[in-house]
Amino acid sequence: MIPTESALQQVLEWGRSLTGFADEHAVEAVRGGQYILQRIQPSLHDTSARTGRDPQDEKLIVAFYRELALLFWLDDCNDLGLIAPEQLAAVEQALGQGGPCAIPGFEGCAVLRASLAALAYDRRDYTQLLNDTQCYCAALRAEHAQAAGAQRWSYAEYLHNSIDSIAYANVFCCLSLLWGLDMATLRARPAFRQVLRLISTIGRLQNDLHGRAKDRSAGEADNAAILLLQRYPAMPVEDFLNDELAGHERMLHRVMVEERFPAPWGPLIEAMAAIRAKYYETSISRYGNHAAGGGQRAPA
Ligand SMILES: C=C1CC[C@@H]2C(C)(C)CCC[C@@]2(C)[C@@H]1CC/C(C)=C/COP(=O)(O)OP(=O)(O)O
């Protein structure tokens, strides 16, 4: 793997053109991205015989980290209002279409899209990544709108939207694009789409359980635990959500055993399912539980 410091510098340098982009976005992207790549490293090595794509290729690794940093930044653009609504609309348009941004000051968007288009092992993954980006942005917007509006989502409506707002499909699609994981073909299989839904739900439940205290103190309502407590004040939400999580994990496990997807999908799904213990628990800058003491995340 390329040295962390060098990768981080390349993500920071790229992010400089994005208004509101913070060091934290780059740091968390490199940390999370490194965790995922390390877990699938042996398996990626096996697929490289077929694809010719080196798991250690610096260009590919940096592009992956940049896409993750972009996802963090977009989330904060929505949650923290880092940029004006018309800027966000132009950014979403550029990222979802792969064209230049109509408003100056966001050159990094087109730069990243152009590099991913050029690096795509399978062009279909690039088309799908644009599509996944549109879904991610739409889900973030919907989350924000319902938190501000009068009508509250039910738990099921919330989970349905969170499958997109957790962005796991984007992460997988970007990996597939860079290392030739054939996700475009796999997406045609209903069992694979079910895996995507299950792992995304698991990711959302883990994120919300972990971020519960922080989200509450930040006044954010887009969290399953908070939403349920608002609707059912006496509900043991933590137990309920942990049960839900365990049930989804069992369903995921069953499909994975039955379907035997090609390398590196087994280890990749396992790595994502372990994000709570291996990533959130060890993150200080973004996921540290300073909220438990009443503090808030430092402004970006
Ligand atoms: C979109 C995200 C960026 C990449 C990140 C990695 C590093 C792969 C680790 C798993 C989560 C994720 C896919 C992450 C997805 C969730 C996301 C938008 C997190 C934003 O942070 P957070 O404040 O906890 O979420 P929320 O706004 O409270 O829902």
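Every number for a ligand or one of its atoms is a count from 1 in the order of the listing.
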Could you say whether the N/O atoms of Arg204 and ligand 1 ever approach to under 3.5 Å?
-> yes

May I ask you to check if ligand 1 and Asp75 share an N or O to N or O distance below 3.5 Å?
-> yes

Do Leu119 and Leu60 pass the side-chain contact (heavy atoms from CB on, under 4.5 Å) test, and can you show the C-alpha distance, the side-chain angles, and the key distance before you say yes or no?
-> CA-CA 8 Å; Leu119 291 171; Leu60 304 180; 3.9 Å; yes

Indicate yes or no: at least one non-hydrogen side-chain atom of Gln10 is less than 4.5 angstrom from one of Tyr65.
-> no

Compute the centroid of each ring, for Tyr155 and then for Phe240, and state whether the two points are separated by less than 6.0 Å.
-> yes

Please name all residues satisfying side chain to side chain donor-acceptor pair (under 3.5 Å) with Thr19, sequence neighbours left out, ordered by chain then number.
-> none

Contacts of Asp208 meeting side chain to side chain donor-acceptor pair (under 3.5 Å) (sequence neighbours excluded), chain-then-number -> Tyr158, Arg204

Under 4.0 Å from a heavy atom of [X]: give me the atoms of ligand 1 that qualify, with their elements.
{"X": "Lys214", "value": "23 (O)"}
{"X": "Gly32", "value": "7 (C)"}
{"X": "Asp215", "value": "28 (O)"}
{"X": "Asp79", "value": "27 (O)"}
{"X": "Asn207", "value": "24 (O), 25 (O), 29 (O)"}
{"X": "Tyr136", "value": "1 (C), 18 (C)"}
{"X": "Ala167", "value": "1 (C)"}

Check: of Asn170, Ile166, Leu71, min heavy-atom distance to atom 13 (C) of ligand 1 comes from Ile166

Does ligand 1 have an atom that lies less than 4.0 angstrom from a heavy atom of [X]?
{"X": "Tyr35", "result": "no"}
{"X": "Ile36", "result": "yes"}
{"X": "Arg286", "result": "yes"}

Within the 4.0 Å heavy-atom cut-off, what Asp222 brings close to ligand 1 is neither

Out of Glu92, Gln97, Arg113, which one pairs with Thr133 under the side chain to side chain donor-acceptor pair (under 3.5 Å) rule?
-> Arg113

Inspect the contact between Arg31 and Glu28 and indicate whether a charged nitrogen and a carboxylate oxygen are less than 4.0 angstrom apart.
-> yes

dist Cys174:SG -> Glu67:CD (nearest 0.5 Å) comes out at 5.0 Å

Can you label the angle between the Tyr280 ring and the His210 ring as parallel, tilted or perpendicular, going by 30° and 60°?
-> parallel

